[in-house]
Structures are given as structure tokens and as C-alpha cells.
Novice: 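Below: one structure in C-alpha cells.
Just so you know, these numbers use all the heavy atoms, side chains as well, and skip hydrogens, waters and symmetry mates. Predicted model only: the values in this text are computed from it and were never measured.
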Amino acid sequence: MKRIGIFSGSFDPVHRGHIGIALEAITQVTLDEVYFLVETQPRRKSGVTHPAHRMAMLQLALRSHPKLKVLELPDQQFSVAKTLPRLQQRFADSELFFIVGSDMLEHMPQWPLLGQLLMNMGLIVAARGSMGTDKIQRSINTLPGDFKVTIIINSPYPDLSSRAIRETLLANHSSPDVLPSIISYIKQHWLYSAVVPNSS
């Protein structure tokens with residue numbers, strides 16, 4: 001039986017923090033593969049970059065990591081009612097783990113059917129920001145239902161955020177936290193730029 005991680009998010013853009021979390025999950029939880037699931041319209045976010053661009057950047061970022069893959073599903077955002085059955089069908093012979101950053105824990109109690117998710121998928125929480133293990137565990141304890149398994153892992157780049165990277169790029173500065181191939185893609189497609197290309 002394979003052990004599969006599902007890492008759902010906007011990845012706008014994907015950066016070394018995302019990659020680091022996935023690789024740490026593979027190492028610390030002995031996962032066979034991690035699938036990045038791009039949400040077309042993430043919760044609580046507006047004005048996100050077109051999903052085709054985010055998918056293309058992920059493909060560039062993951063091509064040197066054979067255990068990291070991109071998963072495309074029709075759901076606009078991860079939902080227990082729709083996405084969980086698709087995952088269970090797609091990975092019928094695998095043990096599934098849901099990967100989140102610790103900053104997501106405060107929002108998860110509002111997810112419909114969260115208890116059903118936690119009974120069917122292991123929860124991997126990557127420590128981010130200044131949130132220590134004790135605080136993360138207290139937040140986990142507030143989540144509903146009977147947990148299948150919960151594992152806290154360290155993030156190698158806990159303070160990185162896509163928002164900060166977008167602001168850096170908008171100021172016309174490069175970011176060392178984004179792969180050069182992705183920076184080239186961003187420039188080629190005028191992403192995260194205040195300059196609008198001349199289409200005439």
C-alpha cells in the first residue's frame with residue numbers, strides 16, 4: 001500500500017517553502033509521493049493568477065523531484081464532499097494524508113464535513129511562522145471528529161509566503177525563493193507585474 005500526500009493550495013506562485021514542506025513530508029512521514037492540488041478558486045482569496053499559469057509553474061518546479069507530482073481535479077477548491085471521494089477513487093489502494101501549513105488550522109473548523117476528512121485521511125501539519133509545536137497541538141485539539149492520525153512536521157522555510165513574494169515581484173525585484181525557471185516564466189507572461197504589455 002502506497003502512502004500518498006495531498007498538498008492543496010493556491011501556489012501563487014509556488015516557492016521553495018512549498019517544495020520544502022512536501023519533501024519534509026516524504027522524509028518525516030515516509031510518503032511515497034506528494035501530489036500538489038491547485039485550487040482554481042481558493043477559500044478567502046480573490047484575484048488569484050489563472051490556474052493554467054499556476055499549474056505550469058508547478059510543473060517547472062517539480063520536474064527535478066520525481067516523487068512530487070501535480071494533480072488536476074475539477075473542483076474549484078478542496079471540499080470534503082466532492083474532493084475526498086475523487087481522491088479515494090483515484091488512490092483506492094493507498095493510504096492518504098492531507099498536508100496543510102499550521103496557519104490553516106484556525107480556518108479548518110469552518111470546513112463542512114471536516115470530521116469526515118480527518119477520519120479518512122491522515123493530517124500532516126507543517127509548522128509555519130512563529131507557531132510552535134505546543135500551539136499547533138492545541139489548535140489540532142480543537143478540530144472535530146476522531147482523527148485517523150496527526151503528524152506535525154518542521155518546515156525548512158517557515159516564514160516564506162506567496163504574498164510576500166508577489167509583493168517583491170510587483171516591486172520589480174527578483175526573489176531568491178523562486179526557481180530561476182519560474183522567474184523566467186513569470187517575466188515571459190507578465191505575471192505579478194504592474195506593467196501591462198502592449199497588445200497592439
Novice: Check salt bridge (charged side-chain N to carboxylate O under 4.0 Å, His left out) between Arg86 and all other residues, then give those that pass, not counting sequence neighbours.
Specialist: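 Scan of Arg86 (salt bridge (charged side-chain N to carboxylate O under 4.0 Å, His left out), adjacent residues dropped) gives Asp75.
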Novice: Which heavy atom of Ile182 sits nearest a heavy atom of Ala61, and at what distance?
Specialist: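 Looking at all heavy atoms of both residues, the closest pair is CD1-CB, 3.6 Å.
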Novice: Passes side-chain contact (heavy atoms from CB on, under 4.5 Å), Arg63 versus Ser181? Steps please.
Specialist: CA-CA 11 Å; Arg63 62 185 179 183; Ser181 59; 4.0 Å; yes
Novice: Nearest 0.5 Å please: distance from the NE2 atom of His15 over to the CD1 atom of Ile165.
Specialist: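 CD1 of Ile165 is found 4.5 Å from NE2 of His15.
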Novice: Is Leu143 reachable from Val149 through a run of hydrophobic residues whose side-chain heavy atoms are each under 4.5 Å from the next?
Specialist: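 Val149 does not cluster with Leu143.
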Novice: Between Val29 and Ile99, is any pair of side-chain heavy atoms under 4.5 Å apart?
Specialist: no
Novice: Search all heavy atoms of Thr40 against all heavy atoms of Arg54 and return the closest pair with its distance.
Specialist: O-NH2, 3.1 Å
Novice: Do Leu87 and Ile4 come close enough that some side-chain heavy atom pair is under 4.5 Å?
Specialist: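 Counting from C-beta outward, Leu87 and Ile4 never come under 4.5 Å.
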Novice: What is the minimum heavy-atom distance between Ser10 and Lys45, and which atoms define it?
Specialist: OG-NZ, 2.9 Å
Novice: Just jot down the side-chain hydrogen bond (donor to acceptor under 3.5 Å, both in side chains) partners of Asp93, sequence neighbours excluded, or say none.
Specialist: none
Novice: Please check: side-chain N/O of Gln77 versus main-chain N/O of Gln41, any donor-acceptor pairing under 3.5 Å?
Specialist: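 Answer holds: yes.
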Novice: Hey, could you give me the CG/NZ distance between Leu58 and Lys69, rounded to the nearest 0.5 Å?
Specialist: 13.5 Å
Novice: Are the side chains of Gln28 and Ile124 in contact, using a 4.5 Å heavy-atom criterion?
Specialist: no
Novice: To the nearest 0.5 Å, what is the distance between OG on Ser184 and CG on Leu179?
Specialist: 10.5 Å
Novice: Mark yes or no for whether Glu39, through its side chain, and Phe78, through its backbone, hold a donor-acceptor pair below 3.5 Å.
Specialist: yes
Novice: Nearest 0.5 Å, please: how far is CD in Gln76 from OG1 in Thr83?
Specialist: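 Output value for this atom pair is 11.0 Å.
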Novice: What are the two closest non-hydrogen atoms of Val80 and Pro85, and how far apart are they?
Specialist: O-CD, 3.3 Å
Novice: Strictly distance-based, threshold 3.5 Å: is any side-chain N or O of Ser175 a donor or acceptor partner for the main-chain N or O of Asp177?
Specialist: yes
Novice: Taking Met119 as the starting point, is it possible to reach Phe97 by hopping between hydrophobic residues whose side chains are less than 4.5 Å apart?
Specialist: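 Result: no, two separate clusters.
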Novice: Is any side-chain heavy atom of Ile186 less than 4.5 Å from a side-chain heavy atom of Met57?
Specialist: yes
Novice: In terms of hydrophobic clusters joined by side-chain contacts under 4.5 Å, are Val70 and Leu60 together?
Specialist: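 Both belong to a single hydrophobic cluster.
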Novice: Per the side-chain hydrogen bond (donor to acceptor under 3.5 Å, both in side chains) rule, what does the pair list look like for residues 103-112, sequence neighbours excluded?
Specialist: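 Output for this query lists Asp103-Arg128.
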Novice: Please step through side-chain contact (heavy atoms from CB on, under 4.5 Å) for the pair Leu123 and Phe98, ending with a clear verdict.
Specialist: CA-CA 5 Å; Leu123 181 65; Phe98 190 64; 4.2 Å; yes
Novice: First locate atom CG of Leu23, then atom NE2 of His18, and finally report the distance between them rounded to the nearest 0.5 Å.
Specialist: 13.0 Å
Novice: So, Gln137 versus Asn141: side-chain donor-acceptor pair below 3.5 Å or not?
Specialist: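 Yes, Asn141 and Gln137 have a side-chain donor paired with an acceptor closer than 3.5 Å.
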Novice: Assess whether side-chain contact (heavy atoms from CB on, under 4.5 Å) is satisfied between Leu62 and Val14, documenting all intermediate values.
Specialist: CA-CA 10 Å; Leu62 305 185; Val14 60; 5.6 Å; no
Novice: Would Asn120 and Leu96 satisfy side-chain contact (heavy atoms from CB on, under 4.5 Å), going step by step from the backbone distance to the final call?
Specialist: CA-CA 8 Å; Asn120 286 276; Leu96 295 174; over 6 Å; no
Novice: Side chains of Ile140 and Phe147: does their closest heavy-atom pair fall under 4.5 Å?
Specialist: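 A side-chain contact exists here, since the closest heavy-atom pair is under 4.5 Å.
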Novice: So, do Val38 and Leu71 sit near enough that their side-chain heavy atoms are less than 4.5 Å apart?
Specialist: no
Novice: So, the side chain of Ser139 versus the backbone of Lys135: is there a donor-acceptor pair under 3.5 Å, distance only?
Specialist: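 Yes: the side chain of Ser139 pairs with the backbone of Lys135.
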Novice: Minimum heavy-atom separation for Pro156 and Gly20, please, with both atom names.
Specialist: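 Looking at all heavy atoms of both residues, the shortest contact is CG-CA, 3.6 Å.
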Novice: I need the full list of side-chain hydrogen bond (donor to acceptor under 3.5 Å, both in side chains) pairs touching residues 146-171, with sequence neighbours left out, sorted by first then second residue.
Specialist: none
Novice: Can you list every ring-ring contact (aromatic ring centres under 6.0 Å, His included) pair that touches residues 24-73, not counting sequence neighbours?
Specialist: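 Every ring-ring contact (aromatic ring centres under 6.0 Å, His included) pair that includes a residue of residues 24-73, provided the two are not neighbours, is Phe7-Phe36, Phe11-Phe36, Tyr35-Phe91, His53-Tyr185, His53-His189.
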Novice: Does Leu68 belong to the same Ile/Leu/Val/Met/Phe/Trp/Tyr cluster as Ile6, with side-chain heavy atoms less than 4.5 Å apart forming each link?
Specialist: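 Looking at the clustering, Ile6 is in a separate group from Leu68.
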Novice: Hey, what do you get for OG (Ser193) to CG (Leu170), rounding to the nearest 0.5 Å?
Specialist: 7.0 Å
Novice: Flag the pair Ile151 / Val125 as yes when at least one side-chain heavy-atom distance between them is below 4.5 Å, and no otherwise.
Specialist: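 Side-chain contact under 4.5 Å: no.
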Novice: With the 4.5 Å side-chain cut-off for hydrophobic clustering, are Met121 and Met104 part of the same group?
Specialist: yes
Novice: With Glu95, which residues qualify under salt bridge (charged side-chain N to carboxylate O under 4.0 Å, His left out), at least two apart?
Specialist: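 If we apply the salt bridge (charged side-chain N to carboxylate O under 4.0 Å, His left out) test to Glu95, skipping adjacent residues, the hits are Arg3.
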Novice: Using a 4.5 Å cut-off on heavy atoms from C-beta on, say whether the side chain of Leu191 contacts that of Pro13.
Specialist: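 Not touching, per the 4.5 Å side-chain cut-off.
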